[in-house]
Structure formats: C-alpha cells, structure tokens
K.L.:
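Let me begin by handing over the structure; questions about it come next.
Naming convention: chains lettered A, B, ... in sequence-line order (proteins, then strands); numbering from 1 in each chain. All of these numbers come straight from a predicted model, not from anything done at the bench. When reading the values below, keep in mind they use all heavy atoms of this one structure, side chains included, and skip hydrogens, waters and symmetry mates.
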Amino acid sequence: MASNADIASRFATMADCLELLGENTFRVNAMRKVARVAEDAADDLCELARRIPKQLQAMDGIGASSASKIIEFANTGRMHEYEELLATLPAGLIDVLRIPGLGPKTVKLLWDQGGVTDLVSLKAKLASGDLAAIPRMGAKILQNIAENIAFIETASARTRLGDALPFAEELVSRLRAVTGVQEADYAGSLRRGRETIGDIDLLVATNDPVSVMQAFVAFAEVAKILAHGETKSSVRLHNGMQVDLRAVPPAVWGAALLYFTGSKEHNVSLREFAQQQKMRLNEYGLFPDDGNEQPPQSRGVKALAAATETDIYKALDLAWLPPELRESRNGCQPPPTNLLQITDIRRELHSHTTASDGACSIEQMVREAKRRGFDCIAITDHSRSSAQANGLSIERLIEHIAAVRAVGEAVTGIHVLAGSEVDILADGHLDYPDEVLAKLDWVVASPHTALKQTPEAATQRLLAAIANPYVRVIGHPSGRILGGRPGLEPDWRTLFAAAAQAQVAFEINSNPMRLDLRDQLVQAALEAGCLLSINTDAHSLQNFNLLRYGITTARRGGLTTDACINTWPWQRFNTWFQK
DNA sequence: GCCGTTTTCGGCCCGACTGTTTTCAGTCG
C-alpha cells in the first residue's frame, strides 16, 4: 500500500540527490516542500491522483512537474525520475548526508576526492587517516564526523511533545534564575506545539549574553558542546536531545521570539510580505528597506518594531498569529475568531477508573473533575473485548453504571455520565449490543485492535460505528501511537462527512503518545462541518494535566469553540447528546 | 521546481558559528 509517507520520502530523497549533484538550490527546496506537503496532507494523495488528478496541482507547493510524478506513482507504483536519480549516486551516500555537520558540499567532496560511498567506507577511511589529505578536512572536522557518526547510530529520532515540553520548561526556569537573564522562553517547533520535535530551541533576553552562554553550557545535563559563541550556543544533553540557545538584547525580544519560533516557511512568508511593503525583517526587528545590503541593525537603523511579536505583526498590518498556526499551510492568514483555548474546556468526556484499567476510583475521578471546575465528567471504562484492559462484561457494566450513578448523586455540583469506551470491533460491530448501549448515558466508540487493516476495511469499520445511534464520539480514531504504530488509514473525508451528517464527534485524544486526531485531520474535519471532542482519556488524576497537549493539537488544526462539544454551555451540550 | 494585486520570466530570507583559512565556505536553523 502506497501512502503519503512513501511519496514524501521519495521527494525528500530526490531533493537530497539533487543537492549532492550540485543542482539549483531553489529546485531542491521546491522538492523538499512537496515532501512536506505530502507528509502533512489529510487526503491520500495516491487516491486523489487516481480520482481527481487536477486537485493535486491545486495544492500549494505542488506544480505540474511534481503532480505528474505523483500521478505516475499512484498508477504504476513507480516514479522513474526518482529511480533514475537514485541510480546516479552510490546507494549509501544519502546516509552520509544524515550526519550532523555534513552538508551536500562536504559529502560530495568526500565522495569525489575520498572515495566515500556510505557510512561503512566513511568509517574505514576515517580510521585509516586517508581523508586528512582532502582540502578543508582538518583534524577538528574529522573528529566531529567520527563523533557524530557514533551519535546518529545510537540516537532515537524525534522526541514526543509530551516528553520535550516539561523538560524545556525546566530548562527555561533554570535559565530565568541565571544572573542577567531578563526573559527566557522556549521557541521553535516546541512552541508551535508539533507532536514531535527534533530539538529544543531556547531564547533569553539579556544585556550580558556572554556570561549567560557560559552558565548555559555549564549546565549539568550537557554532554557535548556543539557550538558556543557570544550570542548562540548549541549543546547535546546526556539524554541525547539537542538544545540551542540564543541570547538577544531585551529590546528585540519579540523579533527574536518570532524568528526562532518559526516555522521556517512562516518566517519566509513574513519576510517576503515585509519585502513587498519595502521593509526588511530579521531576528533584530522589522526595518525600513533602504536598499543597503548591510544588515540594518549593524548600521544603527532604528527598527519599526522589535519589542513584541504583536508589534511586528501590527507593523506589517497583520493579525498576531498564535504559534500553533505558524505552519506553511496557514501562510499569513489571520487566526479564526474563537480559536479554542484551554480555559474554554468545561468537561472531560473520556475517563477510566479501577473498574477497568484506571488507577483511581469513580469518586476520585469525579472529585478531581469538579476540583478543576468542570461541569461534567463521563466515566467511560473499557468494554468486554479489551481483556488486557480489564474490560467490563455486560454484567459488570450493569453494576458499574449503578455505581457511577450513585457517585453522581452523592457528589453535587457536577454532572456525572455513566458511559463506556466501547471497542469498535474489526468488522465495525460494537462490543456491546444496542440494548446494552441503550442503558448508558454516553458512548465513546474506539478502535483498539486490528489496527493494520486495509484503508477500505478501516473506512467501513468506522462508518459502521458512526452509524450506530448510541455513539456520540469516535475515540482516538486512528489508534496510532507516536513512534510506535501508524494506526488506521481510512478515507478521512468520507468519515468526516458521515460524522457531520450523523452529528457524531471525532475525538482529539490528548495523550501525547496519541494526539489522535492529528492536527491536519482536525482541520479536514472542521472543513467537513464535523464536531470535535477533546479528552484526556484520563487513567489517573495526573492524566487530567495532559489536556494541554490536546488543546495544542486542536489549535494547530484551527479548532474553534463552536465546533468543540467540550466547550458548549451545559444546556446546549445536554440537548445535543440526549438526542 | 514553484509562483504571480509589479512578473508566465525571473525571481526565490537572513544571520551566527565553526573550521580552515588570511577573507571565506559550509552548515544550520
């Protein structure tokens, strides 16, 4: 089965090959952009290429040339230009390009003059000392190559948001305690809330950058200093993560934060937008474009805006864009009004107790929801097929419903729904018969098994669940685990259309292992008029804290309060789900 | 290779740091 990921990897590899061959960098970047677009796309591009090929080219970043490559791939499973390009280079050379610090120029040099064709030959030639004869290959560079080979051979790929964010917050609080630091924060993909991040970008405002940098590289977590300058340092920590720190004067905090938050594509968009208005934007501020090539800040040119991000957007006549929306797909478009915020959430609609695989009692979960100011919690323990999660037989479920209702009466000031997270079986049947579902207040239907079935089977399976009159929410719809398993790949647009029609909500599961629906699919669901529900799937009291990750994912998809059932006033919600 | 409220041709963001060099190329974000 060909997927968007297959298309993305082919274009990314073509970009690598072209770069090694010394091709025009703009062509290389265009290839990379197609790879990103393919990776992010909510639609199955092969399916689209077969059904409505014209729509491919309508996508931003995909032109006639790339569209025809995708169409060829969709119809034949092959992409001749990719195959030809790959054949012009040693097969292992692309791996050499993955070594940090080695770019296309150096790899080509190692290939042409050193006979390096893959990681194995590179290591052998490093050991033999042959490479030292090549121009620009000094002892330092060779030593760095050797160390970085060792690093990529042991390092894991990207880090999940849920692992990186708490860690970054800890580093930020320690930086704030360093003498001379006036402001500190994290930026980059972490601030944009991407589901996984490559490294942690930190920013400090200070008038004494040198000593702040010295304090930073001396942090106990630092395993290796990759760069250490007056205003910028880069380190690798003992846990393998890379952390970059930039220091800027307090007066340009906003410009720097904007720049280091990215995305790269958003920065390019903003700079191009500035150019059109005869202005220049860099990390030191927004300046008038006086035609002088030299950086304006180094010539004492006064910035038009620099102190805050809002100032800069305003000076460009744009609305401030929340970091979550600064991805290439959003361009410089203003954010939707009523973009969801964490304070808008009024209820948790997916939670577990000790009855199945949770760690806390019904009453503990209910009291925690109340303590957090929620007006409602749905207790949704697992259904009978989830044996590994101690799923409830019909008999146990009947008793559990009574127990949940009893707590609901005992604890005042919060609505308690007796619910279930019912397995959607592989064939689309639910794990309890309808007459049992009828006894519940609330039904979340989720796939837990058979997560490798074909897209066609997955589509039929989820359509069947959407059609069940008792189902209100489709829980973690793909069943993916980040860095674990890809999960189902149904025809999402078909599902969203059906769910919009049936008034069934799709869940954004806040657990950082899942974040399912993912951001791009949230956007597609919204376009289809679908309702969404953000839940933590709490298995403990601490799990309520995971909500922030679901909110971030929702915001990245542009979710508004109106489309999110967890934000509705109780009356509206109650009327909706009782139907 | 992509794109268009100056353009279907001619552009395509900008600066810090490293290492190897006597002034800069390469890499990175």
K.L.:
Which residue pairs pass the salt bridge (charged side-chain N to carboxylate O under 4.0 Å, His left out) test when at least one of the two sits in residues 195-218 of chain A, sequence neighbours left out?
P.N.:
A:Glu195-A:Arg480
K.L.:
Between N or O atoms, less than 3.5 Å apart, protein on one side and nucleotides 5-8 of chain B on the other: list the pairs.
P.N.:
none

K.L.:
Apply ring-ring contact (aromatic ring centres under 6.0 Å, His included) to A:Phe287 and list each qualifying residue two or more places apart in sequence or on a separate chain.
P.N.:
none
K.L.:
According to salt bridge (charged side-chain N to carboxylate O under 4.0 Å, His left out), does anything in residues 163-177 of chain A pair up with another residue at least two apart or in another chain? List the pairs.
P.N.:
A:Arg160-A:Asp163, A:Glu169-A:Arg548, A:Arg174-A:Glu221
K.L.:
With sequence neighbours excluded, what pairs up with A:Arg556 under the side-chain hydrogen bond (donor to acceptor under 3.5 Å, both in side chains) test?
P.N.:
A:Glu327, A:Asp519
K.L.:
I'd like to compare against my own output: the B/S/- annotation of nucleotides 20-29 of chain B with a strict under-4.0 Å heavy-atom distance to protein.
P.N.:
S----BSSSB
K.L.:
Near DNA chain B, counting only heavy atoms under 4.0 Å, which residues of residues 187-196 of chain A show up?
P.N.:
none
K.L.:
Which residue pairs pass the ring pair (Phe, Tyr, Trp, His ring centres under 6.0 Å) test when at least one of the two sits in residues 231-270 of chain A, sequence neighbours left out?
P.N.:
none
K.L.:
Kindly state each residue pair satisfying salt bridge (charged side-chain N to carboxylate O under 4.0 Å, His left out) with at least one member in residues 304-321 of chain A, sequence neighbours excluded.
P.N.:
A:Arg191-A:Glu309, A:Glu309-A:Arg326
K.L.:
Among residues at least two apart in sequence or on other chains, which ones pass side-chain hydrogen bond (donor to acceptor under 3.5 Å, both in side chains) with A:Gln341?
P.N.:
none
K.L.:
Taking ring-ring contact (aromatic ring centres under 6.0 Å, His included) as the test, write out the residues that go with A:Phe26, two or more places apart.
P.N.:
none
K.L.:
Partners of A:Arg493 by side-chain hydrogen bond (donor to acceptor under 3.5 Å, both in side chains), sequence neighbours excluded?
P.N.:
A:Asp43, A:Glu527
